[in-house]
Amino acid sequence: PLFGYRTRFWSFLLKLAKDQPSWTLPAQPGPSTGPFHWDNRPLTVPELLRLQSFDADWIVEGGHREQVRQVGNATPPRLAEVMSRAIATTYFGMSYKGQRLHHYIARAESVPEPSPVKPVPVEYLKLEGDHADHPGTGKGPSPRSCCDAIALGAMA
């Protein structure tokens, strides 16, 4: 509730897990918008490209912000290949049995061990529980009301 889960302000909490799929990459993230690397740093453009299944030698033009926008807006090549194969199989009778995807990314031979999960500090436990889904874009708490509530000590 403090950060307005599923509001426009909650995405700064997103961090990649070492053994789980990535969160969706935003096309126009702010300076504090995730997902972040598990080492608490922004992802580099090459890391964003690999998460989208682009080949490692892919180059994106423009400044950093423009590059991030392009990667976030892009259709992942692997998804495009899977969809196009399904269409070709369904409508044209083509077969791809035994053929590896061109945009196949081999799983790493060793995945880093997940970091141990730290317990939630006691003062935040009162926020645990089920909460209503966010009602929709722009209908969450305003940043001003959250800041005022924090300043008044009404929120943890």
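- With values rounded to the nearest 0.5 angstrom, Thr24 atom OG1 is found 9.0 Å from Leu14 atom CG.
- Residues Trp58 and Pro46 fail the side-chain proximity criterion, which asks for heavy atoms closer than 4.5 Å.
- Under the 4.5 Å side-chain heavy-atom criterion for grouping Ile, Leu, Val, Met, Phe, Trp and Tyr, Leu51 is not connected to Val82 through any hydrophobic cluster.
- The nearest pair of heavy atoms linking Gln70 to Glu61 is NE2-O, 2.8 Å.
- Here the side chain of Gln67 pairs a donor or acceptor atom with the backbone of Val60 at under 3.5 angstrom.
- In this structure, the separation between OG1 on Thr75 and CD on Gln52 is 8.5 Å, given to the nearest 0.5 Å.
- Few gaps surround CZ on Arg41; more than 12 heavy atoms of other groups in view lie less than 6.0 Å from it.
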>> Walk me through whether Gln99 and Arg85 qualify under side chain to side chain contact (heavy atoms under 4.5 Å, CB included).
In response: CA-CA 11 Å; Gln99 293 182 28; Arg85 284 184 177 199; 4.3 Å; yes

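- Between Ser22 and Leu16, the closest heavy-atom pair is OG-CD2, 3.4 Å.
- A single hydrophobic cluster is seen to contain both Tyr91 and Met94, as judged by linkage of ILVMFWY side chains at heavy-atom distances under 4.5 Å, directly or through other members.
- When all heavy atoms are compared, the tightest approach of Leu43 to Pro35 is CD1-O, 3.6 Å.
- For the atom pair CZ of Phe54 and CZ of Arg78, the computed distance is 14.0 Å after rounding to the nearest 0.5 Å.
- Residue Glu81 holds its CD atom at 7.0 Å from NE2 of His102, rounded to the nearest 0.5 Å.
- Residues Ile105 and Trp23 fall into different hydrophobic clusters, defined by Ile, Leu, Val, Met, Phe, Trp and Tyr side chains chained together at heavy-atom separations under 4.5 Å.
- Rounded to the nearest 0.5 angstrom, Asp55 CG and His103 NE2 are separated by 5.5 Å.
- Between the Lys18 side chain and the Glu113 main chain, a donor and an acceptor come within less than 3.5 Å of each other.
- Side chain to side chain, Thr44 and Glu47 meet the donor-acceptor criterion of an N or O pair below 3.5 Å.
- Note: Tyr96 OH to Thr89 OG1 = 6.0 Å, rounded to the nearest 0.5 Å.
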